[in-house]
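These figures come from a predicted structure and were not determined experimentally. In what follows, chains carry the letters A, B, and so on, assigned in the order in which the sequence lines appear, proteins first and then strands, with residues in each chain numbered from 1.
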There are 2 protein chains.
Amino acid sequence: MEDSYPQLALDQQICLPLYAASRAVTRRYADLLGEVSLTYPQYLCLLALWEADGPLGVGDLGTLLHLDSGTLTPLLKRMESAGLVTRARDTVDERRVLISLTDGGWRLRDRVADVPARLVEGMGMSERDGRALRDLLDRLIAELER
Amino acid sequence: MEDSYPQLALDQQICLPLYAASRAVTRRYADLLGEVSLTYPQYLCLLALWEADGPLGVGDLGTLLHLDSGTLTPLLKRMESAGLVTRARDTVDERRVLISLTDGGWRLRDRVADVPARLVEGMGMSERDGRALRDLLDRLIAELER
DNA sequence: CTGAACTCTATTGCGCACAATCAAATCGGG
DNA sequence: CCCGATTTGATTGTGCGCAATAGAGTTCAG
């Protein structure tokens with residue numbers, strides 16, 4: 001066996017579990033969100049808009065979700081086609097496009113209210129471990145996005 | 001403010017940091033791997049092949065990296081075009097396609113040997129926290145893939 | 001007032017991810 | 001030996017992610 005590159009061993013990498021876990025969670029969300037024809041990033045946009053309780057610019061959503069306009073623009077257009085949001089130029093600053101929830105977008109809130117609980121249930125993780133994980137990840141993000 | 005759906009608050013979700021951290025790490029890898037024209041999943045394939053020290057089937061790679069053939073087939077064809085691997089039917093079981101490293105694929109090993117160290121450096125995470133994070137993620141993956 | 005710098009979104013192009021489907025090869029019970 | 005079930009990889013179609021670029025709108029120094 002080759003041990004000349006121990007630092008390249010697959011099970012030494014922290015990146016692979018992070019990458020695999022993220023995709024595994026996304027797949028689980030896809031199962032839960034398929035019932036209401038939402039993808040996981042679309043669901044995240046709705047979370048942000050429900051919480052903001054008012055229009056958000058594309059850039060605001062990008063900041064909240066760490067996504068850029070190249071991802072968000074087509075995603076938001078699909079959500080507009082699905083009747084979940086409207087897109088309108090800000091009359092004050094016409095560079096901005098304001099995303100607002102439609103009634104249909106608001107209505108979905110009830111239908112996904114149980115999703116977080118159902119997800120956590122499938123993760124088999126204690127409250128304490130969950131907090132520890134979120135804490136480590138938040139620190140990692142802060143460090144990497146400097 | 002709306003507090004009727006506390007479980008839908010963005011900062012309560014564990015999914016978002018996981019998702020954002022994974023993409024942040026991938027972006028960092030893209031910076032490091034761009035020098036040798038590798039993408040992050042391609043780099044993971046190489047890690048697996050270097051370690052196996054012999055041909056792997058597409059399915060073997062899929063198991064190791066938690067990826068399926070729909071992702072791997074075109075990815076491996078691109079790596080074949082780049083002269084890093086060869087793809088050949090297994091003469092014993094002709095359903096299988098064996099992926100082997102070329103000399104060019106082996107040569108990259110030296111050129112990326114410092115990547116893990118450079119990544120960890122930018123993550124600003126102690127050895128202990130790194131182990132704790134990997135441990136939590138491994139348990140999460142095991143639970144979600146049941 | 002004006003033009004250069006800056007901000008914000010859209011577009012393009014490429015590379016994943018993955019569900020669904022398919023076809024070829026292999027295996028296994030009868 | 002044969003046929004149905006299983007395994008394996010390829011294909012197709014949709015939806016992200018993101019770098020690079022473009023272009024309209026805004027700001028601000030001079």
Side-chain angles (χ1 to χ4, degrees), chain A residues 15-16 19-34 37-45 55-63 65-82 84 87-99 144-145, chain B residues 15-16 19-34 37-45 55-63 65-82 84 87-99 144-145:
Chain A
C15 55
L16 180 54
Y19 174 63
S22 174
R23 286 183 295 106
V25 168
T26 299
R27 275 194 297 275
R28 181 60 56 96
Y29 269 108
D31 294 340
L32 299 175
L33 296 174
S37 299
L38 279 179
T39 65
Y40 174 56
Q42 289 171 11
Y43 165 77
L44 290 177
C45 286
L56 288 177
V58 174
D60 300 329
L61 278 170
T63 301
L65 310 182
H66 308 263
L67 289 169
D68 74 4
S69 70
T71 299
L72 287 173
T73 294
L75 183 155
L76 292 168
K77 285 182 175 175
R78 281 186 289 273
M79 291 179 74
E80 186 182 32
S81 299
L84 301 176
R87 294 160 13 90
R89 288 279 165 193
D90 185 342
T91 53
V92 177
D93 182 346
E94 296 208 348
R95 292 170 305 180
R96 284 160 55 81
V97 169
L98 294 179
I99 310 301
L144 286 173
E145 294 194 344
Chain B
C15 56
L16 180 55
Y19 174 63
S22 174
R23 287 182 294 107
V25 168
T26 299
R27 275 194 299 274
R28 181 60 56 95
Y29 269 108
D31 293 341
L32 299 174
L33 296 173
S37 299
L38 279 178
T39 66
Y40 174 58
Q42 289 172 11
Y43 166 77
L44 290 177
C45 285
L56 288 178
V58 174
D60 300 330
L61 278 170
T63 300
L65 309 182
H66 308 264
L67 289 169
D68 72 5
S69 71
T71 301
L72 287 172
T73 295
L75 184 155
L76 291 167
K77 285 182 176 174
R78 280 186 289 273
M79 291 179 73
E80 186 182 32
S81 299
L84 301 177
R87 294 163 9 95
R89 287 279 164 193
D90 185 341
T91 53
V92 177
D93 182 346
E94 295 208 349
R95 292 169 306 179
R96 285 162 54 81
V97 169
L98 295 178
I99 309 300
L144 286 174
E145 295 195 343

For A:L33 and D:dC16, what is the distance between atoms CG and C1' respectively, to the nearest whole Å?
15 Å
Output the distance between atom OG1 (A:T73) and atom CZ (A:R87), rounded to the nearest 0.5 Å.
6.5 Å
Let me know the distance between CE of A:M79 and C1' of D:dG15, rounded to the nearest Å.
13 Å
What N/O pairs connect the protein and nucleotides 2-5 of chain C at under 3.5 Å? Give each pair on its own line.
none

Donor-acceptor pair, side chain of A:R96 and main chain of A:R89, under 3.5 angstrom
no
A side-chain contact here means heavy atoms from C-beta on lying under 4.5 Å apart; do B:P41 and B:L65 qualify?
no
Between atom CG of B:D60 and atom CG of B:L98, what is the distance when rounded to the nearest 0.5 Å?
8.5 Å
Starting at CG of A:D90 and ending at P of C:dA10, how long is that distance when rounded to a whole Å?
13 Å
Return the OG1 to OH distance between B:T26 and B:Y43, rounded to the nearest 0.5 Å.
12.0 Å
Intermediate values then yes/no, side-chain contact (heavy atoms from CB on, under 4.5 Å), A:L72 and A:C45:
CA-CA 9 Å; A:L72 287 173; A:C45 286; 4.0 Å; yes
How close or far is atom P of C:dC16 from atom CZ of A:R27, stated in whole angstroms?
17 Å
For A:E94 and for A:Q42, locate the closest nucleotide of DNA chain D by heavy-atom distance; then report the residue assigned to the nucleotide nearer the 5' terminus.
A:Q42
Donor-acceptor pair, B:R78 side chain versus B:Q42 backbone, under 3.5 Å?
no
Quick check: does any side chain N or O of A:Y29 sit under 3.5 Å from a backbone N or O of B:C15, one acting as donor and the other as acceptor?
no
Residue A:R23, side-chain atoms from C-beta onward, closest of D:dC18, C:dC18, D:dC16
C:dC18
For nucleotides 8-14 of chain D, tabulate all protein N/O to nucleotide N/O atom pairs closer than 3.5 Å, reporting atom names and distance.
residue	atom	partner	partner atom	Å
D:dG9	OP1	B:V58	N	3.3
D:dG9	OP2	B:G59	N	2.9
D:dA10	OP1	B:R87	NH1	3.2
D:dA10	OP2	B:T73	OG1	2.4
D:dA10	N7	B:S69	OG	3.0
D:dT11	OP2	B:K77	NZ	2.7

On DNA chain D, does the nearest nucleotide to A:L67 precede the nearest nucleotide to A:V92 from the 5' side, or the other way round? Give the residue.
A:L67
Starting at atom CZ of A:R28, determine the distance to atom C1' of C:dA19, rounded to an integer number of angstrom.
16 Å
A:L56 CG to C:dT9 C1', straight-line distance once rounded to whole Å
15 Å
Could you state the interatomic distance from OG1 (B:T71) to CZ (A:R23), rounded to the nearest 0.5 Å?
7.5 Å
Can you measure A:L75 atom CG to C:dA10 atom P for me and round it to whole angstrom units?
12 Å
CD of A:E80 versus C1' of C:dA10: gap in Å, rounded?
14 Å
